[in-house]
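One structure is given here, and the rest of the page talks about it.
Quick note: numbers below take in every heavy atom, side chains included, and nothing from hydrogens, waters or symmetry partners. Read the numbers this way: they start at 1 and go in the same order the structure lists the ligands and their atoms.
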Amino acid sequence: MPFSPEQLIRPEILALAAYQVPDARGMVKLDAMENPYDLPEALKREVVRLVSSVALNRYPDPTAAELRQVIRKTMSVPSDAEILLGNGSDEIIQLIMLALNAPRTTVLAPEPSFVMYSMIASSCGLRYVGVPLKPDFMLDGDAMLSAIAREKPAAVFISFPNNPTGNLFDDATVEALIQAAEGLVVIDEAYHAFAGASFMSRLPRYPNLLVVRTLSKLGLAGLRLGFVAGSPRWLSQLDKVRLPYNVNVLTQRIAARLLLHGKTLEEQARRIVAERGFLFDALTALPGVSALRSDANFILFRVGNASRVFETLKARRILVKNLHGSHPMLANCLRVTVGTPDENTAFIDAMKAGL
Ligand SMILES: *Cc1c(COP(=O)(O)O)cnc(C)c1O
């Protein structure tokens, strides 16, 4: 008799629920923090030209030297820091966790935060410890410091701004954690483009600090490109875990071009930030809705009955994220991505009908 999956698959994998992505065909898609704007026609033609010039029969440059150079320049990476690219920053998080192991097998993160931290920890055989945020969703510095002292984590993951709450944690509190931790502190700056705050320039000061970024929320989610910046001592080790051709030729070429002429994406990020203000005001003006101020491209809000509002929105072809049931602190919470002005108006109209 051949073995069953239950006999061969690790128990922590059997216990995992697969990451769910809902079918969004025909929907106004406000659930995944994508940039809603298309590229201008001239840039698109440029992309077509690049694609036709790429040798698809050849492996990509395994070190992606040109793209790494462009990222260094456009993302203000300190000159003595190294960078390593990933197929999205999810892969970077996985690389870090794959490389960590005994004798320190714990990773720690505040909660609620990005669900992939605990999922990837489980799939890498690491122990995950979540430390609750304060009721206002700010970082609980004392609780974090005592958890770090008690658990001695190999790595602490901080989403800055935090997903799914959208807020930036207090800068000095985060810095105190970096100073206190003996393990790595990974600052995940997926929403950097909308936040105006970063730990990137502090890399030279803290040898145990890593800064992770992605191009996904900036407008290139389909390309799949993320990176980590940090001390070469750490990155040379992580690089051994990275599969040699993890960033494909099309991504290398197109991302380098779009970043070098990054005005378009930055301009779109500014429009999203302005639109976030209107969306926040419109949401908080609705009866029975409370929203949290956001430094990202989405807004967390609470209603009387999240599942009912979610279904009403869905019936009107508007897809948001229902967070009810994902964490006790997120009871009756929904998360909406900032869309185009038209999409946001459609969302607010549907909310009015649904409440
Ligand atoms: C979206 C997101 C990521 C993953 O982004 P990809 O680069 O698309 O894999 C990582 N961290 C946080 C906090 C996110 O919200």
Side-chain angles (χ1 to χ4, degrees), residues 19-22 24 29-36 64 67 71 75 83-98 107-121 123 128 130 133 137 139 155-169 174 184-195 197-200 210-229 242-243 246-248 251-252 254-255 258-259 265 269 272 276 292 294-300 320-321 323 326-327 330 333 335-338:
Y19 188 75
Q20 296 291 339
V21 177
K29 200 168 179 306
L30 302 178
D31 67 325
M33 283 79 94
E34 291 143 323
N35 174 341
L67 176 55
I71 287 180
M75 302 269 174
I83 63 171
L84 199 125
L85 307 188
N87 186 6
S89 55
D90 283 347
E91 191 189 44
I92 295 288
I93 296 164
Q94 186 186 46
L95 278 180
I96 295 168
M97 292 203 198
L98 270 176
V107 299
L108 189 140
E111 264 189 5
S113 188
F114 189 42
V115 291
M116 294 308 288
Y117 301 148
S118 63
M119 275 196 78
I120 295 174
S123 67
Y128 170 82
L133 294 173
F137 294 118
L139 201 57
V156 178
F157 283 80
I158 308 272
S159 173
F160 184 83
N162 189 41
N163 175 10
T165 56
N167 55 324
L168 278 170
F169 296 137
V174 176
L184 288 171
V185 177
V186 182
I187 307 290
D188 182 347
E189 299 187 349
Y191 300 97
H192 167 258
F194 317 99
S198 174
F199 278 81
M200 188 69 89
L210 298 179
V211 173
V212 175
R213 296 237 187 122
T214 173
L215 300 193
S216 294
K217 314 302 163 42
L218 188 62
L220 302 175
L223 272 189
R224 309 301 301 132
L225 184 68
F227 72 95
V228 55
R242 183 180 66 85
L243 296 176
N246 63 329
V247 180
N248 72 74
T251 298
Q252 289 193 26
I254 298 169
L258 293 179
L259 283 178
L265 297 176
I272 290 167
R276 175 180 77 198
L292 190 67
S294 170
D295 298 289
N297 63 341
F298 60 89
I299 297 176
L300 180 78
V320 298
K321 177 82 174 173
L323 294 162
S326 66
H327 189 276
L330 297 173
C333 284
R335 186 189 67 195
V336 62
T337 306
V338 180

Inset, instruction - Please work out whether the ring planes of F114 and Y117 are parallel, tilted or perpendicular, with thresholds of 30° and 60°. - result: perpendicular

Side chain, backbone, both or neither: which part of [X] has a heavy atom under 4.0 Å from ligand 1?
X    : result
D188 : side chain
R224 : side chain
S89  : both

Inset, instruction - Decide whether R224 and N248 meet the rule of one side-chain donor and one side-chain acceptor closer than 3.5 Å. - result: no

Inset, instruction - Please say whether Y117 places an N or O atom under 3.5 Å from an N or O atom belonging to ligand 1. - result: no

Inset, instruction - Measure the spacing between CG of L218 and OH of Y191 and express it to the nearest 0.5 Å. - result: 12.5 Å

Legend entry - S216 neighbourhood, listing ligand 1 atoms whose heavy-atom distance to it stays under 4.0 Å: 6 (P), 7 (O), 8 (O)

Legend entry - Sub-4.0 Å atoms of ligand 1 with respect to non-hydrogen atoms of G88: 7 (O), 9 (O)

Of [options], which has the heavy atom at the shortest distance from [atom]?
atom                    : options               : result
atom 14 (C) of ligand 1 : Q94, M33, K217        : K217
atom 15 (O) of ligand 1 : F114, F298, Y191      : Y191
atom 7 (O) of ligand 1  : V186, L218, T214, I92 : T214

Min side-chain heavy-atom separation [X]-[Y] under 4.5 Å:
X    : Y    : result
F169 : L133 : yes
M75  : L215 : yes
H192 : M200 : no

Inset, instruction - May I ask whether S159 places a heavy atom under 4.0 Å from ligand 1? - result: yes

Inset, instruction - Could you establish whether M116 and ligand 1 come within less than 4.0 Å of each other, counting only heavy atoms on the residue side? - result: no

Legend entry - Stepwise side-chain hydrogen bond (donor to acceptor under 3.5 Å, both in side chains) test for N162 and S113: CA-CA 6 Å; N162 189 41; S113 188; 2.7 Å; yes

Inset, instruction - Give a yes or no on whether the backbone of S294 and the side-chain of R276 come within a donor-acceptor separation of less than 3.5 Å. - result: yes

